[in-house]
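In what follows, a single structure is set out as structure tokens and then discussed.
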Amino acid sequence: MEKPRIIIVDDDRDTRELLAMALETEGFEVASAANGLRLISSLQLRRPHLILLDVNMSWIDGFELCKAVKKNENFRDIPVIFISGRGEPEDRRKGIEAGAADYFVKPLDLESLTARIRELVPAAVPEEH
């Protein structure tokens with residue numbers, strides 16, 4: 001069974017590395033991108049099963065990036081979860097309106113995040129023997 005692929009898009013390297021380590025421990029294959037441009041190019045190379053997306057980034061913010069992904073018929077079915085330091089109800093609403101499946105506020109509760117990823121990526125559930 002192939003590992004579910006997740007791509008983390010965050011301009012903060014520490015956040016990307018910490019998240020990647022945590023998710024790899026959970027059995028996911030993780031790629032990361034420092035910004036939206038890198039995300040777009042990597043989507044075409046290796047399609048992820050899920051995108052974790054920061055809101056505050058240079059070049060294009062996460063909301064706009066999510067809308068762009070959702071407008072593209074090749075990628076619109078990939079679930080997006082926002083991870084953000086911005087926890088206002090307004091931010092959460094904008095995230096969901098942009099097409100995200102969920103919105104998590106940093107510091108992240110990794111257990112909740114991992115559980116939500118498993119819900120959105122059914123193939124991510126390890127097979128029971």
- Under the side chain to side chain contact (heavy atoms under 4.5 Å, CB included) criterion, do Leu43 and Ile51 qualify, and how do the steps go? CA-CA 10 Å; Leu43 282 179; Ile51 300 167; 4.1 Å; yes
- Task: Would you sort out whether Lys3 and Glu24 count as a salt bridge (charged side-chain N to carboxylate O under 4.0 Å, His left out), showing the intermediate values?
- Result: CA-CA 10 Å; Lys3 286 183 177 182; Glu24 282 166 356; over 6 Å; no
- Message: I'd like to know whether Lys94 forms a salt bridge (charged side-chain N to carboxylate O under 4.0 Å, His left out) with Glu90, so could you lay out the CA-CA distance, the side-chain angles of the two residues, the decisive distance to 0.1 Å, and finally the verdict.
- Response: CA-CA 6 Å; Lys94 277 170 75 174; Glu90 171 68 9; 5.4 Å; no
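No side-chain heavy atom of Ile7 sits less than 4.5 Å from a side-chain heavy atom of Ile78. Side-chain contact between Val105 and Arg86 is absent, with no heavy-atom pair separated by less than 4.5 Å. The shortest distance between side-chain heavy atoms of Asp10 and Leu52 does not fall below 4.5 Å. Residues Pro4 and Val121 meet the side-chain proximity criterion, which asks for heavy atoms closer than 4.5 Å. A 4.5 Å side-chain heavy-atom check between Ile6 and His49 finds every atom pair outside the cut-off. Contact of the Phe104 side chain with the Ile81 side chain is registered, since non-hydrogen atoms from C-beta on lie closer than 4.5 Å. Side-chain contact between Asn35 and Val9 is absent, with no heavy atoms from C-beta onward closer than 4.5 Å. The closest side-chain heavy-atom distance from Asp12 to Asp54 is not below 4.5 Å.
At most 12 heavy atoms of other shown residues, nucleotides or ligands fall within 6.0 angstrom of atom CD in Glu73.
Remark: Arg92 does not engage Glu88 in a salt bridge, criterion side-chain N to carboxylate O under 4.0 Å. Under the 4.0 Å criterion applied to side-chain N and carboxylate O atoms, Lys67 and Asp61 are not assigned as salt-bridge partners. A salt bridge is absent between Glu111 and Arg116; no separation between the charged side-chain nitrogens and carboxylate oxygens falls under 4.0 Å. Residues Asp11 and Arg38 are not paired through a salt bridge, judged by the lack of any N-O separation under 4.0 Å between the basic side chain and the carboxylate.
Under a 3.5 Å cut-off, the side chain of Arg76 and the backbone N or O of Lys70 do form a donor-acceptor pair.
Residues Asp109 and Ser112 come closest through the heavy atom pair OD2-OG, 2.7 Å. Smallest separation of non-hydrogen atoms from Cys66 and Ala100: SG-N, 3.8 Å. Nearest heavy atom pair, residue Leu65 against residue Gly36, reads CD2-CA, 3.5 Å. Closest non-hydrogen pair, Val55 versus Phe63, comes out as CG1-CE1, 3.6 Å.
From Leu50, atom CG reaches atom CZ of Arg5 across 12.0 Å, with rounding to the nearest 0.5 Å. Put simply, CD on Glu17 and OG on Ser32 are 8.0 Å apart, with the number rounded to the nearest 0.5 Å.
Leu18 is not connected to Leu53 by any chain of hydrophobic side-chain contacts under 4.5 Å among Ile, Leu, Val, Met, Phe, Trp and Tyr, and they are in different clusters. Following chains of ILVMFWY side-chain contacts shorter than 4.5 Å, one can reach Leu37 starting from Val69, so the two form part of one hydrophobic cluster. Cluster membership for Leu110 and Leu23, using ILVMFWY side-chain heavy atoms within less than 4.5 angstrom, is shared.
Evaluation of the ring-ring contact (aromatic ring centres under 6.0 Å, His included) rule for Tyr103 yields Phe82 as partners, not counting sequence neighbours.
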